[in-house]
Amino acid sequence: MSGGSRMLLSEKHPMATERYNPRASEPKWQKAWDARKLFEADNDDPRPKYYVLEMFPYPSGRIHIGHTRNYTMGDVVARYKRAKGFNVLHPMGWDAFGMPAENAAMQNKVHPKDWTYQNIAAMREQLKVMGLSLDWTREFATCDVDYYHRQQMLFLDFVEKGLVTRKSSKVNWDPEDMTVLANEQVIDGRGWRSGALVEQRELTQWFFKISDYAQDLLDSLDQLDDWPEKVKLMQANWIGRSEGLLIRWPLAKPVAGEHELEVYTTRPDTIFGASFMAIAADHPLAKKATEDNPALAKFIDEVRHMGTSVAALETAEKKGFDTGIRVVHPFDEKWTLPVYVANFVLMDYGTGAIFGCPSGDQRDLDFANKYGLPVIPVVMPEGENQGSFQIIDEAYVGDGVMINSRFLDGMKPDQAFDEVAKLLEQKTIGNRPMAERKVNFRLRDWGISRQRYWGCPIPMIHCEDCGVVPVPKADLPVRLPDDIEFDRPGNPLDRHPTWRHVKCPRCGKDARRETDTMDTFVDSSWYFARFTAPWANDPTDPKAATEWLPVDQYIGGIEHAILHLLYSRFFTRAMRETGHVDLAEPFRGLFTQGMVVHETYRVGGASNGRWLAPSEVRLEDADGKRRAFEIATGEEAVIGPLEKMSKSKKNTVSPEEITDGYGADTARWFMLSDSPPERDVEWTDEGAAGAHRFIQRIWRLVSTAAESLAGVRPEKAKDGEAGTVSKAAHKILKSVGEDIEKLAFNRAIARIYELANALTVPLNEAAEGKAGPALQAACREAVEILVHLIAPVMPHLAEECWQTLGGTDLVAERPWPDYDPSLVVDAEIVLPVQVNGKKRGDLTIARDADQGAVEKAVLALDFVQKALEGKAPRKVIIVPQRIVNVVA
RNA sequence: GCGGACGUGGCGGAAUUGGUAGACGCAAGGGACUUAAAAUCCCUCGAUCUCUGAUCGUACGGGUUCGAUUCCCGUCGUCCGCACCA
């Protein structure tokens with residue numbers, strides 16, 4: 001088809017059609033879907049199930065454009081799977097507990113509950129505008145009494161199964177706000193809100209015993225085939241398994257009744273390179289040693305007050321203090337080593353004590369050099385000369401041969417590891433072996449206590465006589481009181497006049513309610529299970545949970561790669577132990593989508609100027625250089641890099657700005673075009689306008705041809721122009737389906753553009769009455785395919801087109817069309833022909849031609865003969881149906 | 001410091017995982033229609049040259065191969081995660 005005829009055909013349209021008006025159409029179709037309850041999932045539907053879920057939002061006030069990208073992806077999958085005949089569950093809810101509601105309460109004198117539910121109402125309306133195929137009958141918020149009631153039931157079940165413990169732990173304490181702070185909330189050693197110097201405090205808190213599952217959580221990562229490798233790796237690192245040896249070193253002289261020092265090491269092979277021991281400031285031995293050593297007590301105090309922030313740790317100098325205590329080397333009674341208290345040893349990893357081997361660890365080497373301790377090289381790279389090999393200021397951590405290590409000399413380090421383990425396991429100290437093999441994990445138990453109001457109350461009661469007593473299940477829920485005051489910092493539950501006073505359920509005496517509430521990560525660790533039967537009296541309906549779970553496709557941000565996903569994996573295991581579900585892994589497929597980013601604008605300097613919103617800026621393009629000007633003042637603004645949309649940088653675009661003008665379909669289409677879904681997408685006005693242009697183009701194409709195609713029976717063709725139309729439609733139908741299955745939305749969209757391009761001329765021919773019956777029938781079939789292909793991404797436009805084509809049902813309830821396999825392969829193929837690996841031309845030949853025929857035809861090509869200069873080719877490589885390479 | 005990912009036109013990105021590099025879109029330029037504009041439609045669009053064709057070209061340098069954006073080694077750069085973990 002030449003360009004010339006194309007221009008002729010599209011010169012004039014026989015019927016001028018009106019522009020598609022999304023503002024009128026979109027609400028109309030949303031009502032039509034609602035009326036037919038198309039998106040409500042039935043737990044008794046016998047068809048195969050498909051559960052697609054996007055991470056539910058925190059009700060901050062407004063839906064962000066990033067949310068809409070996330071939910072659009074899920075919606076495309078949901079609509080596609082529905083069309084493929086699955087019983088689809090696609091629910092939505094609200095992660096509604098948390099600090100911002102309390103901050104709003106303090107700043108604006110609004111009750112956290114009112115603030116939260118108002119936000120939910122506003123955001124629900126915003127979501128509805130997007131035309132998402134959600135089952136709103138299952139909606140809940142985690143702050144609903146109904147939900148946290150069940151969470152309290154779960155908590156009690158976990159307590160009963162021994163999955164919960166209470167222990168003392170160090171926390172960041174903000175003395176002004178009188179609250180515990182997460183590490184992320186401590187900035188330069190100060191509370192992020194109050195600015196007060198943060199203290200380390202010991203508090204007794206509730207913990208979930210996630211560390212009991214460390215090995216299982218690590219091992220099971222291997223089975224999560226549909227998870228991104230990156231996320232699995234991040235979780236594996238977070239769990240942080242290491243294999244080592246627990247060594248009990250005898251003390252040279254007992255200290256306050258202690259006879260040994262337990263040390264954990266992953267390098268027992270370097271035991272002859274040891275030159276000192278280092279223990280944490282909080283180590284029991286350190287505490288005992290201070291009794292007659294005020295200078296040591298002072299040092300320990302200093303270490304404790306050192307910041308724990310990342311920045312403080314990074315820059316902190318390695319410091320130690322010799323306690324005067326000495327230990328005896330396990331292999332040499334005459335060899336004793338000093339014990340230091342050191343600021344770089346952590347009490348909560350391993351045993352809180354290490355042996356320092358300066359030649360094999362950079363930190364130990366720095367320490368040894370600072371305090372004049374011996375440095376004995378014990379591992380030497382293979383082939384090095386032992387006489388000249390020495391360690392000065394760079395430790396050697398690689399593989400090699402053991403030296404200076406008596407009976408270990410000449411071994412490889414891993415042999416030496418085994419040898420040391422074997423010998424020390426046989427020796428005894430006290431009544432125990434001197435060493436034991438031990439696996440250590442970085443993962444700690446999950447502390448869930450929060451000294452806050454807006455969270456799920458922990459259903460426990462403290463009684464002076466009975467100790468900690470669970471609230472009887474019949475007394476649940478423990479409701480949050482509504483009459484609270486935020487006029488002072490601290491936990492309002494703690495100072496409520498009556499709430500905390502209860503009778504002990506066991507002995508009936510006056511007792512005290514637990515006033516801590518649960519970490520909000522608890523709320524989000526099981527909501528996906530609750531969605532399967534949100535009306536159930538128990539936390540789950542095990543039958544429904546069994547049928548729906550696991551979530552087939554979970555979609556959300558990479559920022560939840562570790563905590564939320566790890567906690568949910570733990571929770572599912574805990575819920576299995578307590579009989580609420582019967583599986584271990586909640587999410588079969590995981591997808592982490594990229595952010596929506598936008599360039600930034602600043603007037604008055606690139607580093608300290610005033611930020612401008614995109615709507616306050618006029619862009620100019622001159623001589624290939626883009627420049628930005630503030631509309632109000634005309635002042636030139638600096639165009640900054642692409643950044644995540646944030647209020648502070650004002651580079652935000654609200655979903656309404658697009659839906660009000662262009663409609664939801666444009667926003668949906670644009671956000672999935674171009675950029676692969678796992679990568680960031682740049683929001684540009686041109687891109688949005690381009691997406692809208694395509695919507696209008698589809699509408700024009702379909703509506704213009706609709707009249708002439710009315711009543712035409714769809715029929716695919718194999719030959720001629722009609723065959724070309726059918727082949728294009730079926731090929732693209734096939735690949736769009738495959739792309740959506742792989743969540744490659746950008747590629748699916750590119751294919752749909754191709755189909756629209758391929759159909760433009762034939763559809764205009766049909767519209768002008770220039771198409772014969774075969775072409776008309778093929779066009780009718782192809783345009784129906786097109787409408788079904790756009791439906792997952794642009795569902796409203798698809799309905800409008802379908803109606804125009806005479807459809808009496810809704811595309812949303814229609815099945816996905818099947819492609820004809822015979823139309824997606826061509827009888828004749830074009831084989832690229834290379835000479836010496838460079839393409840020189842093409843060969844058109846029957847698809848099923850055998851290798852001999854292909855070779856003969858290739859050698860007959862004139863450009864091949866020319867290249868061969870009459871000689872026989874050295875080799876002809878034929879990759880069937882791919883390529884031919886002639887080696888001259 | 002440890003671990004990982006990535007690097008393709010002016011831009012976002014394709015390329016069936018070793019087989020035609022640049023699909024599709026955006027931007028740009030030229031043209032048609034129009035009194036004009038918008039809208040729409042058509043054409044061009046990696047670089048260079050001796051321009052109806054050829055050479056080069058997927059961050060850079062090497063290697064394996066008939067053939068490399070894809071695999072291997074090294075260099076440079078960007079991004080991400082963890083971080084005093086013994």
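What you see is a predicted model; the values in this text were computed from it and never measured. Residue numbers start from 1 in every chain, and the chains themselves are labelled A, B, ... in the order their sequence lines are given, proteins ahead of strands.
- Between A:R444 and A:D348 there is a salt bridge, since a side-chain N of the basic residue sits under 4.0 Å from a carboxylate O of the acidic one.
- Regarding contacts with the backbone of B:A86, a side-chain N or O of A:Y349 is found under 4.0 angstrom from either OP1 or OP2.
- Classification of B:G13 as anti follows from a glycosidic angle more than 90° from 0.
- Among B:C66, B:A27, B:C85, the nucleotide with an atom closest to any side-chain atom of A:E686 is B:A27.
- Ring geometry for A:F367 against A:Y340 counts as perpendicular: the plane angle is over 60°, on a 0 to 90° scale with 30° as the lower cut.
- Within the 4.0 angstrom heavy-atom criterion, no nucleotide atom of any strand lies near A:D361.
- Looking at heavy-atom distances under 4.0 Å, A:R241 makes no contact with the nucleic acid at all.
- In this structure, of B:C82, B:C84, B:G19, it is B:C82 that holds the atom nearest to the side chain of A:R442.
- When each of B:C82, B:G19, B:C84 is scored by its nearest atom to the side-chain atoms of A:F344, the top-ranked nucleotide is B:C84.
- Looking at heavy-atom distances under 4.0 Å, A:V887 makes contact with sugar-phosphate atoms alone, never a base.
- Residue-level contact check: A:S673 touches neither bases nor backbone, having no heavy atom under 4.0 Å from any strand.
- Remark: the A:N237 side chain and the B:C82 base include no donor-acceptor N/O pair separated by less than 3.5 Å.
- In the set B:U16, B:G81, B:A86, B:G81 carries the atom at the smallest distance from any side-chain atom of A:I562.
- Here the side chain of A:K839 is nearest to one of B:U20, B:C24, B:A86, namely B:U20.
- Remark: side-chain polar atoms of A:D680 are not paired, donor with acceptor, to backbone N or O of A:V596 under 3.5 angstrom.
- The nucleotide whose nearest atom lies closest to any side-chain atom of A:R679 is, among B:G13, B:A86, B:C24, B:G13.
- In this structure, A:F694 and A:W669 have parallel ring planes: the angle between them is below the 30° cut-off, well short of the 60° mark.
- Note on A:E682: nothing from the nucleic acid sits closer than 4.0 angstrom, heavy atoms only.
- Remark: A:R693 is in phosphate contact with B:A27, judged by side-chain N or O atoms under 4.0 Å from OP1 or OP2.
- For RNA chain B, if you chain together Watson-Crick or G-U pairs that step i with j, i+1 with j-1 and so on, the runs of at least three with distances under 3.5 Å are B:1-7 with B:76-82, B:10-12 with B:24-26, B:28-32 with B:40-44, B:46-49 with B:53-56, B:59-63 with B:71-75.
- A close approach under 4.0 Å does not occur between any side-chain nitrogen or oxygen of A:R267 and OP1 or OP2 of B:A86.
- Using a 4.0 Å heavy-atom criterion, one finds that A:L233 contacts the sugar-phosphate atoms exclusively.
- Taking every side-chain heavy atom of A:R363 into account, B:C84 is the closest of B:C66, B:C84, B:A83.
- A:R442 contributes a side-chain N or O that, together with a main-chain N or O of A:W238, makes up a donor-acceptor pair within less than 3.5 Å.
- Picking from B:C85, B:C80, B:G13 the nucleotide with the shortest atom distance to the side chain of A:K230 gives B:C80.
- No engagement by A:V681 is indicated, since no non-hydrogen atom pair under 4.0 Å with the nucleic acid exists.
- To the nearest 0.5 Å, the span separating CE on A:M434 from CD1 on A:I247 amounts to 9.5 Å.
- Ion pair A:K731/A:D826 flagged as a salt bridge, since at least one NZ, NE, NH1 or NH2 atom sits closer than 4.0 Å to an Asp/Glu carboxylate oxygen.
- A salt bridge is absent between A:E436 and A:K438: the closest approach of a Lys/Arg side-chain nitrogen to an acidic carboxylate oxygen does not fall below 4.0 angstrom.
- Of all nucleotides listed (B:C85, B:G13, B:U20), B:U20 comes nearest to the side chain of A:D842.
- You'll find that the side chain of A:Y753 is closest to B:G25, out of B:G13, B:A86, B:G25.
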